[in-house]
Amino acid sequence: MTSKPFILLPLILTVTLVSCNRATPTGFWKNYKTNFLVKNISDQGPYGGYRAVYWKSEKSLTFDTKDILDFAAKNGWTLTDSSEFDQNQTIKWTYGNREIFPLSHTGFNDTIKSISTYKYFPRWFGGQLKLYKFKTGWVTIEPGTDNSIEENGFVILNQDKSELAVYHLWGE
């Protein structure tokens with residue numbers, strides 16, 4: 001009878017460890033090209049959270065668009081749109097004298113407003129960049145309303161494909 005707990009314990013631990021990446025929003029991104037991972041900012045609470053992840057390489061063409069999109073899809077993110085921005089646009093993405101990625105509970109908006117969630121999303125690079133927008137399987141709810149969005153995950157890639165960032169905001 002005493003052997004059953006010892007048999008079940010490894011099974012429970014294995015299931016817990018394997019499922020943690022899926023249970024943690026955007027947690028899978030920390031396993032992408034780990035040798036280039038520079039920053040992984042994450043905060044989760046009972047009502048939501050955010051994550052900002054940054055990779056950098058000294059070589060251009062390190063980050064392949066198809067590989068990035070396949071990795072996102074494999075982990076449940078569905079590509080919904082993409083856009084390009086140039087230096088004249090990205091230079092305006094500031095909040096409190098800091099360069100930011102303008103993501104709030106109403107989504108990405110490159111018309112900068114005074115929104116406190118911007119402080120959670122540093123922008124590590126600018127210039128010409130490509131933005132990919134995803135449905136993540138998590139929702140973002142505008143505080144104080146019933147308004148929600150499902151497209152709340154973003155990947156940005158610089159022009160020479162040497163820098164990559166992921167941004168995600170979920171909950172209320």
Side-chain angles (χ1 to χ4, degrees), residues 13-57 62-65 67-82 85 90 93-110 112-126 129-144 147-158 161-172:
L13 286 174
T14 302
V15 169
T16 302
L17 290 173
V18 169
S19 65
C20 277
N21 250 5
R22 295 261 188 227
T24 305
T26 321
F28 65 89
W29 281 107
K30 65 185 174 192
N31 297 320
Y32 183 77
K33 298 211 178 208
T34 56
N35 50 326
F36 299 109
L37 184 62
V38 176
K39 200 82 168 161
N40 179 17
I41 301 168
S42 177
D43 186 27
Q44 301 172 52
Y47 302 106
Y50 61 87
R51 185 178 299 266
V53 189
Y54 172 58
W55 296 261
K56 183 175 182 175
S57 170
T62 297
F63 303 106
D64 177 69
T65 303
D67 184 53
I68 294 165
L69 298 179
D70 287 348
F71 185 80
K74 178 181 147 195
N75 286 282
W77 280 28
T78 304
L79 180 66
T80 61
D81 198 7
S82 65
F85 296 90
T90 61
W93 298 355
T94 61
Y95 177 77
N97 295 321
R98 291 180 40 212
E99 295 179 337
I100 54 98
F101 180 76
L103 180 57
S104 74
H105 288 91
T106 59
F108 167 78
N109 189 338
D110 69 329
I112 302 302
K113 301 172 185 167
S114 183
I115 299 176
S116 63
T117 57
Y118 289 170
K119 67 184 173 191
Y120 303 130
F121 302 107
R123 182 172 43 84
W124 291 286
F125 56 92
L129 58 84
K130 182 87 175 210
L131 176 139
Y132 300 93
K133 182 180 189 180
F134 296 87
K135 282 186 179 180
T136 65
W138 294 82
V139 296
T140 302
I141 301 168
E142 186 179 354
N147 301 336
S148 66
I149 56 171
E150 295 180 23
E151 297 170 313
N152 55 8
F154 299 87
V155 172
I156 61 172
L157 185 60
N158 72 342
K161 299 183 179 184
S162 64
E163 292 181 275
L164 170 70
V166 170
Y167 302 96
H168 186 204
L169 178 67
W170 63 93
E172 184 173 359

Could you tell me which residues satisfy side chain to side chain contact (heavy atoms under 4.5 Å, CB included) with [X], sequence neighbours excluded, listed by chain and number?
{"X": "Ser57", "result": "Phe36, Lys59, Thr62, Phe63"}
{"X": "Lys161", "result": "Leu61, Thr65, Leu157"}
{"X": "Thr78", "result": "Lys135"}

- Query: Heavy atoms, side chains only, cut-off 4.5 Å: are Val166 and Trp55 in contact?
  - Reply: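 They are in contact (side-chain heavy atoms under 4.5 Å apart), so the answer is yes.
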
- Counterpart residues, side chain to side chain donor-acceptor pair (under 3.5 Å), relative to Thr80 (two or more places apart):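 Per chain and number, Thr80 pairs via side chain to side chain donor-acceptor pair (under 3.5 Å) with Glu151.
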
- Item | Counterpart residues, side chain to side chain donor-acceptor pair (under 3.5 Å), relative to Glu142 (two or more places apart) |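 Side chain to side chain donor-acceptor pair (under 3.5 Å) check on Glu142 returns Asn147.
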
- Quick one: does Asn152's side chain have a donor or acceptor within less than 3.5 Å of a partner on Trp138's backbone?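 Looks like yes, one N/O pair under 3.5 Å.
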
Who pairs with [X] by ring-ring contact (aromatic ring centres under 6.0 Å, His included), at least two apart in sequence or on another chain?
{"X": "Phe71", "value": "Phe28, Trp29, Tyr32"}
{"X": "Phe134", "value": "Trp77"}
{"X": "Phe154", "value": "Phe101, Phe108"}

- Those residues that, when tested against Lys39, pass salt bridge (Lys or Arg N to Asp or Glu O under 4.0 Å) (two or more places apart):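 Once residues adjacent in sequence are excluded, Lys39 has no partner under the salt bridge (Lys or Arg N to Asp or Glu O under 4.0 Å) criterion.
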
- Can you sort out the partners of Asp64 under salt bridge (Lys or Arg N to Asp or Glu O under 4.0 Å), two or more places apart, ordered by chain and number?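 None.
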
Which donor-acceptor pairs under 3.5 Å do the side chains of residues 117-126 make with protein atoms, sequence neighbours left out?
| unit_1 | atom_1 | unit_2 | atom_2 | d |
| --- | --- | --- | --- | --- |
| Thr117 | OG1 | Leu103 | O | 3.0 |
| Arg123 | NE | Ile100 | O | 3.2 |
| Arg123 | NH1 | Phe125 | O | 3.4 |
| Arg123 | NH2 | Thr90 | O | 2.9 |
| Arg123 | NH2 | Trp93 | O | 3.2 |

Show me, pair by pair, the donor-acceptor contacts under 3.5 angstrom made by side chains of residues 45-53, not counting sequence neighbours?
| unit_1 | atom_1 | unit_2 | atom_2 | d |
| --- | --- | --- | --- | --- |
| Arg51 | NE | Pro25 | O | 3.3 |
| Arg51 | NH1 | Asn40 | OD1 | 2.9 |
| Arg51 | NH2 | Ser42 | OG | 3.3 |

- Query: What is the distance from atom CD1 of Ile149 to atom OG1 of Thr136, rounded to the nearest 0.5 Å?
  - Reply: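 One finds 9.0 Å between CD1 of Ile149 and OG1 of Thr136.
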
